[in-house]
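Residue numbers count from 1 along this sequence. Start at 1 and go down the list; that is how both ligands and their atoms are numbered.
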Amino acid sequence: MALRQKKPLDLTPYKVPVHIAIIMDGNGRWARRRGLPRIAGHRAGAENLRRIINACVEFEVQILTIYAFSTENWGRPESEVRGLMKIFARVLDQELDDLHKQGVCLHHLGDLTGIDPTLQEKVRNALKLTKNNTRLILNVAFNYGGRAEILHAMRKMLADNISPDELTEEMVSSYLFTRGLPDPDLVIRTSGELRISNFLIWQAAYAEYYPTPAYWPDFGREELYEAIIAFNQRHRRFGLVAEDS
Ligand code: IPE
Ligand code: IPE
Ligand code: MG
């Protein structure tokens, strides 16, 4: 079978964000539009994730953080939650070797306790196998909530007897699941929603937000390229005065 030729997308004149974070939303609506069950949308979403990881490697993005399952998503119907867990397990089984060969280093953001022990084991193995890879850091926010993350950090700081005088913003960052990594430059949300939904609420304080109407399974390599171009048109001021004002 002839491979479909990929359209060359040149990013040479542009600054590629070091860290891109994505709220992968709209799987359910993607499926509904096709008269399919929601779970078919989640399957299509998982396949798309593979394409986006490849595109991040191609575009030389250094860190990709994806929102895969939130602490709030437990409230969905049990059958959907079960289906999602099955998809995560299958993606790990099927993709881990390739991701490792590709030089992807997996990190987990969130809480593994409360997850099915077999899946926990798969995640731990994946983290261990890929820990020395350097091509792309892939943070998977799974059973993740921004508030839960901050609460977890506060509890650890208290347990470490950090005194109020010692406490700095850098120290808080060092207690988060993203410790040691730079904050996201660009946060993409698919499906047209304009909310953060408890994602990286500390780390994305100064990220550029890019909402797009595309449902997640339709957000491919070219759409990611467009998002990077749009990022280049933003003027990040970080609270300062623009140079040309
Ligand atoms: C995102 O798609 C996937 C997860 C939250 C796990 P949704 O399932 O939220 O899709 P919509 O928003 O219902 O279309
Ligand atoms: C955010 O999407 C969570 C993930 C993408 C994993 P949701 O679909 O759960 O968020 P809301 O309900 O629209 O805020
Ligand atoms: Mg949604």
Problem set entry | Sub-3.5 Å N/O-N/O distance, D25 and ligand 2 |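 Between D25 and ligand 2, an N or O pair is found under 3.5 Å apart.
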For this session: Flag Y67 as yes when one of its N or O atoms lies below 3.5 Å from any N or O atom of ligand 2, and as no otherwise.
Result: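 No; the residue has no nitrogen or oxygen that sits under 3.5 Å from a nitrogen or oxygen of the ligand.
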Problem set entry | Heavy-atom pair with the smallest gap, counting every atom of F199 and A141 | CE1-CB, 4.1 Å
For this session: List the atom of K131, the atom of C105, and the distance in Å for their closest heavy-atom pair.
Result: O-SG, 3.7 Å
For this session: Count the heavy atoms belonging to other residues, nucleotides or ligands that lie under 6.0 Å from CZ of R32, then report whether that count exceeds 12.
Result: no
For this session: Count the heavy atoms belonging to other residues, nucleotides or ligands that lie under 6.0 Å from CD of E78, then report whether that count exceeds 12.
Result: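 Atom CD in E78 is not packed in, count stays at 12 or less.
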Exercise. Any idea which protein heavy atom is nearest atom 9 (O) of ligand 2, and the distance to it?
Worked result: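 Checked against all protein heavy atoms, atom 9 (O) of ligand 2 sits closest to N73 ND2, 2.9 Å.
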For this session: Could you pull out, from R195, M24, R189, the option with a heavy atom nearest to atom 10 (O) of ligand 2?
Result: R189
Problem set entry | Min heavy-atom dist G26 to ligand 1 below 4.0 Å |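 Under 4.0 Å: yes for G26.
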Exercise. Touching ligand 1 at all, R32? Heavy atoms, strictly under 4.0 Å?
Worked result: no
For this session: List in chain and number order the residues that pass side-chain contact (heavy atoms from CB on, under 4.5 Å) with V104, two or more places apart in sequence or in another chain; answer none if no residue qualifies.
Result: I53, L99, Q102, L136, L138
Exercise. By number and element, which atoms of ligand 1 are closer than 4.0 Å to a non-hydrogen atom of A68?
Worked result: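 The list of qualifying atoms is 6 (C).
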Exercise. Which atoms of ligand 1 are found less than 4.0 Å from any heavy atom of R76?
Worked result: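 This gives 5 (C), 7 (P), 8 (O), 9 (O) as the contact atoms.
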For this session: Please name the atom of D25, restricted to N, O or S, that is closest to the Mg ion (ligand 3).
Result: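 Per the distance ranking, D25 contributes OD1 as its closest N/O/S atom to the Mg ion (ligand 3).
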Exercise. Does a salt bridge link R33 with D218, judged by any charged N lying under 4.0 Å from a carboxylate O?
Worked result: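 Result for this pair is yes, salt bridge flagged.
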For this session: Between R29 and ligand 2, find which residue part has any heavy-atom pair under 4.0 Å and reply side chain, backbone, both or neither.
Result: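 Neither; no heavy atom under 4.0 Å.
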For this session: Give the contacting part of F199 toward ligand 2: side chain, backbone, both or neither, where contact means a heavy-atom distance below 4.0 Å.
Result: neither
For this session: Would you tell me whether S163 and D165 have side-chain atoms, one donor and one acceptor, within less than 3.5 Å of each other?
Result: no
Exercise. Any side-chain donor-acceptor pair under 3.5 Å between D183 and H19?
Worked result: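 D183 vs H19: no donor-acceptor pair found between side chains.
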For this session: Using a strict 4.0 Å cut-off to heavy atoms of S197, name the atoms of ligand 2 that fall inside it.
Result: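 What qualifies from ligand 2 is 10 (O), 11 (P), 14 (O).
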Problem set entry | Proximal atoms of ligand 2 relative to F69 (non-hydrogen, under 4.0 Å) | 6 (C)
Exercise. Does atom 13 (O) of ligand 2 have any protein heavy atom closer than 4.0 Å?
Worked result: yes
Side-chain donor-acceptor distances from residues 206-214 under 3.5 Å, at least two apart:
from : atom 1 : to   : atom 2 : distance (Å)
E208 : OE1    : R234 : NH1    : 3.0
T212 : OG1    : A214 : N      : 3.3

